[in-house]
Amino acid sequence: MSPGTCRPAAEPHHNSAPQADNDRVNRTEAETYRREILGYCYRYFGCIAEAEDATQETMLRAWRARDGAEFGGRSSLRTWLYSIATHVCLDMARAPQRRSLPVDLNEPGRVPDDPTSLATMPEQMWIGPASDAHLGVDPSATALARESVRLAFVAALQFLPPRQRVVLILRDVLVLSAAECADLLDMSVASVNSALARARKTMAQHGATLPTDTADDAPAYDTRLLEKYVAAFEAYDVDRLVDLLTEDAEFSMPPFELWLRGPAQIERWWRGPGQVCRNSRTIVTSANGRPAVAVYHDGGGRDESRNDAGVRDSSAARWEPFAIHVLESRAGRLSALTHFIGAGHFAEFGLPAHLP
């Protein structure tokens, strides 16, 4: 299943108990949790397409149990849906191994003399981006909500065994109690606490920790930095782009295995193979709790196309979707740039198939 077009939805109003007659599941109310369940499944899989499949299966299983044989009003509808979603996620074992980002696989490399020699890996091996609108995350969201969909955090989750992964998401992201989590997973409270401790230790080893909901020092969108990046990239002014980087900035381009660290190597890329991005156009968006830029490459057509009078037809020019750039910042500079290359990402973000 390919990612569907994203349509931002209004925030649903959730009641503490389902509005249903005779303990029957109300389908309309269940649907108000779809986006929330999607975010849960995305954190688990690191892939929006698999998350959509799992979310749809969750809703189907809930609807099949609408007569209340399994639900029976014993818990809130939200908790019951999370129970179904958890079992769906644990049952789905599609990827041959965990999804990753290039920085998780090897040491930083160098720009090759022959860019055609760059190795790639299949799409199913990579963490994929997710639009904030699809996940219900925006700049005003809590630090916990934004950080828990950050690319590095989602990638670190993939290092956890499945049950540890769901325990950490349920306890530290969704803030369920140990008792609720134990009931949902059919585990003892002691087992839940043990799994959570091991999961937190692994996440810390990968530098992926979460702020508290009241944290006031979590990174927020740096709109000025985003504006500078867009202006410099559209002008393809490499000097200005390099000036925006931190000294330890990381640069990666899934599906390519190569990733780079530091302004010198990133500049070499921009002045070499990256020249294909000259004359690009962009649309600002957001992904994984961070600002993002959709980049469209010049598809040509201006010189070749002429009207009946032999005059060049500028309307024939169009820009084709190329990559989604997800930006990380620190202290007013770019600390990481992840370029998700491929037109397939654009539909999920609700972006145009091309620009005229």
Side-chain angles (χ1 to χ4, degrees), residues 36 39-47 51 82 86 89 98-105 107-108 126-130 132 135-178 180-182 185 189 191-222 225 246-250 252 259 261 286-292 326-338:
E36 192 176 328
Y40 173 58
C41 296
Y42 172 73
R43 292 176 178 94
Y44 181 88
F45 288 111
C47 169
Y82 272 112
T86 297
C89 288
R98 65 176 175 83
R99 290 175 179 266
S100 307
L101 292 170
V103 296
D104 300 320
L105 298 178
E107 294 300 310
W126 298 114
I127 296 291
D132 284 353
L135 299 176
V137 176
D138 59 47
S140 66
T142 64
L144 177 60
R146 286 186 283 110
E147 292 301 295
S148 67
V149 292
R150 181 178 172 230
L151 286 171
F153 184 81
V154 175
L157 282 171
Q158 309 310 305
F159 285 93
L160 301 177
R163 283 197 171 264
Q164 286 186 31
R165 196 183 314 167
V166 296
V167 165
L168 187 131
I169 298 171
L170 292 170
R171 291 283 285 115
D172 285 359
V173 177
L174 301 175
V175 201
L176 269 63
S177 69
E180 289 175 310
C181 194
L185 292 171
V189 171
S191 295
V192 167
N193 289 336
S194 176
L196 179 62
R198 295 195 301 273
R200 285 174 174 171
K201 181 178 180 180
T202 300
M203 295 294 283
Q205 290 171 346
H206 291 279
T209 57
L210 289 173
T212 64
D213 224 0
T214 56
D216 58 3
D217 59 347
Y221 287 10
D222 188 335
L225 180 60
T246 62
E247 287 303 310
D248 59 350
E250 297 175 351
S252 60
W259 68 281
R261 176 182 286 155
S286 58
N288 295 86
R290 295 295 184 269
V326 181
L327 312 178
E328 292 272 0
S329 64
R330 185 177 69 246
R333 292 182 179 273
L334 294 172
S335 56
L337 301 91
T338 307

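Sequential numbering from 1 along the given sequence is applied to the chain's residues.
- Heavy atoms of other residues, nucleotides or ligands lying less than 6.0 angstrom from CD of E247 number 12 at most.
- Here the shortest heavy-atom pairing between R330 and D248 reads NH2-OD1, 2.7 Å.
- A distance of 5.5 Å separates OG1 of T338 from CG of L151, quoted to the nearest 0.5 Å.
- Ring geometry for F159 versus H206: interplanar angle under 30°, hence parallel rather than tilted (30 to 60°).
- A distance of 8.5 Å separates CG in L174 from CG in L144, rounded to the nearest 0.5 Å.
- Not a single donor-acceptor pair under 3.5 Å links the side chain of Q164 to the backbone N or O of P161.
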- request: Any chance you could lay out the side-chain hydrogen bond (donor to acceptor under 3.5 Å, both in side chains) test for R198 and T202, step after step, and finish with the verdict?
  value: CA-CA 6 Å; R198 295 195 301 273; T202 300; over 6 Å; no

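- Between A287 and D132, the closest heavy-atom pair is C-OD1, 3.3 Å.
- Atom SG of C181 and atom OH of Y82 lie 12.5 Å apart (nearest 0.5 Å).
- When all heavy atoms of V189 and A178 are compared, the pair lying nearest together is CG1-CB, 3.9 Å.
- Taking OG1 of T246 as the start and CZ of R333 as the end, the distance is 8.5 Å to the nearest 0.5 Å.
- Across every non-hydrogen atom of R99 and G46, the tightest pair is CD-O, 3.9 Å.
- Using a 4.5 Å cut-off on side-chain heavy atoms (C-beta onward), M203 and T209 make no contact.
- W126 and L101 get closest at one heavy-atom pair: CZ3-C, 3.6 Å.
- Salt bridge E147/R290: present, at least one basic N to carboxylate O contact under 4.0 Å.
- L168 contributes atom CG, which lies 5.5 Å from atom CZ of F153 (distance to the nearest 0.5 angstrom).
- For the atom pair CG (L170) and OH (Y44), the distance works out to 11.5 Å, reported to the nearest 0.5 Å.
- The side-chain hydrogen bond (donor to acceptor under 3.5 Å, both in side chains) search around D172 returns R200, not counting sequence neighbours.
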